[in-house]
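Only a predicted model underlies this, so the values are computations on that prediction, with no experimental measurement involved.
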Amino acid sequence: MSRLPEEEHPNKAFGWAARDTSGVLSPFKFSRRAAGEKDVSFKVLYCGICHTDLHNAKNEWGKTLYPLVPGHEVVGEVTEVGSKVQKFKVGDKVGVGCMVGSCHSCDSCTNNLENYCPKLIATYGGKYYDGTVTYGGFSDTMVVDEHFIIRIPHNLPLDAAGPLLCAGITVYSPLRFYGLDKPDLHIGVVGLGGLGHLAVKFAKAMGAKVTVISTSINKKKAALENLGADSFFVSRELQAANGTLDGIIDTVSAQHPLLPLLGLLKTHGKLVLVGAPEKPLELPAFPLLQGRKIIGGSLIEGIRETQEMIDYAAKQSIKPDIEIIPIDYVNTAMERLLKADVKYRFVIDIGNMLKPTS
C-alpha cells in the first residue's frame, strides 16, 4: 500500500497543493527526503509563479500527478549540505529552476544540456530516482542534488532572482544560441508578459535595438518608457516594419499567425518560439524560402548556462518586474495570471508568509 505524502520521507514539510483539475491550491502536509551525500537542503524564501504552474495545476497538459505542489522559480538559504557537496555551504543563497534530476550520461547531459535529457526529472510533478513524486517551491523547504542548484549572486535581490530561473533563462538562452546577442542587431520581442519583458531587458543589455510587438496598444507606454524598448508595433499593423528585424523572440502561448512575423525578418532572419501554443501553428513555406529564414525553438537551458545567465543578470542589473504576494493570495494570483493581470511576475514571499497549519 502506498504511503501518505507526509510519511514517505523522514523530514516534515509544508506547502500549498492542488488536489484536482480545479487547480485550487490549499495547505498541504508532506515530507522531504533526508539530505544525501550530494544533496543541498535549503529553506525556501521566495518562489515565482509561472504560467506552467497554472497549466499543471489544472492538468491542462494531461500529465499532472495530484496532489501537486507547484513552483520552479525557487530561491532560498542553505541549511544543510551532504558530505560530498563541494560547491555550497550552510548560509549560501541558492536557487532551483525547472529541473532537479537527469541521467548524466546521454549526449544532452554530457554537453551541459540537461534540459533536453530524455530522463529529466521536473522540479515538481515528476518521479524522482526513488520513485517518489517531486514537490516544488510553494513549500517551506527543498532538498536538491547540488548539480541542479544555482548560486544567487550577492548583488541580486532574492525576491527578484526566482523568475530568472525560468522566464529569464527561457529568453536568454535563445538570444545566445541563435546569435541574436550581438550589438547593433535589431531584435523583435512578441508578447510583453513575464517572458517578453525579460527578453527586452536582456536584448537591450546585449546592445540590440529592440522592437516590441503586442496585440494591445495599451502596452506601448510600458514597453517604451518603463522597459526601454526602441519601438512598438501592434501586431495587426506590421507592414511598415517588414524586412527590418534580424531576429524575433516569440513568447506568445496563444494561437497567432506566423506569416506576419516572418515578413518582419531580414534575409537570414530567425524567428524563435519560446511560447507553447496548445494547437499547432500554421507554417507557410514560401516566406522561409524567400530569404533563407529560419524558425527555431528553445526550452529553458542546462545548468551551466543558467548560472551564466544569472551572473550576467546580476552584473547588468537585470531584474524582473515583480509583485510580491502572501501564499494565501495564490489562488487569486492564479486567476489574475490567467487574465494577464500582472506586471510581470508574481513572487510568493514564502519565508515570511508560509505558516504551517496545525
* Measure across P174 and V274 and return the closest heavy-atom pair with its distance rounded to 0.1 Å. =>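 That would be CG-CG1, 3.9 Å.
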Smallest separation among heavy atoms of I325 and A333, with atom names: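 That closest heavy-atom pairing would be CD1-CB, 3.6 Å.
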Is the closest basic N to carboxylate O distance between [X] and [Y] below 4.0 Å?
X    : Y    : value
D130 : R33  : no
E73  : R345 : yes
K87  : E146 : no
K84  : D39  : no
K43  : E80  : no

For [X], look at atom [atom1] and say whether over 12 heavy atoms of other residues, nucleotides or ligands are found less than 6.0 Å away.
X    : atom1 : result
K38  : NZ    : no
F286 : CZ    : no
F177 : CZ    : no
D107 : CG    : no
R304 : CZ    : no

Partner of [X] by side chain to side chain contact (heavy atoms under 4.5 Å, CB included), out of [options]:
X    : options                : result
D250 : L273, V189, L281       : L273
T306 : I300, I150, N115       : I150
D311 : Q307, K315, M309, E308 : Q307
F42  : V90, V81, V74, V75     : V74

Any side-chain heavy atom of [X] sitting closer than 4.5 Å to one from [Y]?
X    : Y    : answer
L180 : L175 : yes
L259 : P287 : yes
I294 : H268 : no
Q239 : F233 : no
I121 : S102 : no
V85  : E37  : no
K293 : L271 : no
Y46  : I350 : no

Are [X] and [Y] close enough that a side-chain donor and a side-chain acceptor fall under 3.5 Å?
X    : Y    : value
E305 : S173 : yes
T267 : R292 : no
S231 : T211 : yes
T215 : R236 : no
E114 : H147 : yes
N56  : Y124 : yes

Looking at Y329, is R336 sitting on its ring face, NZ or CZ under 6.0 Å from the six-membered ring centre and within 45 degrees of the normal?
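No, R336 does not sit over the ring of Y329.
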Can you tell me if D92 uses its side chain to pair, donor with acceptor, with the backbone of V94 under 3.5 Å?
->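 Checking the backbone N and O of V94 against the side chain of D92, no donor-acceptor pair under 3.5 Å is found.
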**Prompt:** Is the F14-F28 ring centre distance short of 6.0 angstrom?
**Reply:** no
Interatomic distance, CD1@I169 vs CG@L164, rounded to 0.5 Å, equals 9.5 Å
Checking K204, H186, K209 against D230 for side-chain hydrogen bond (donor to acceptor under 3.5 Å, both in side chains), the one that qualifies is K204
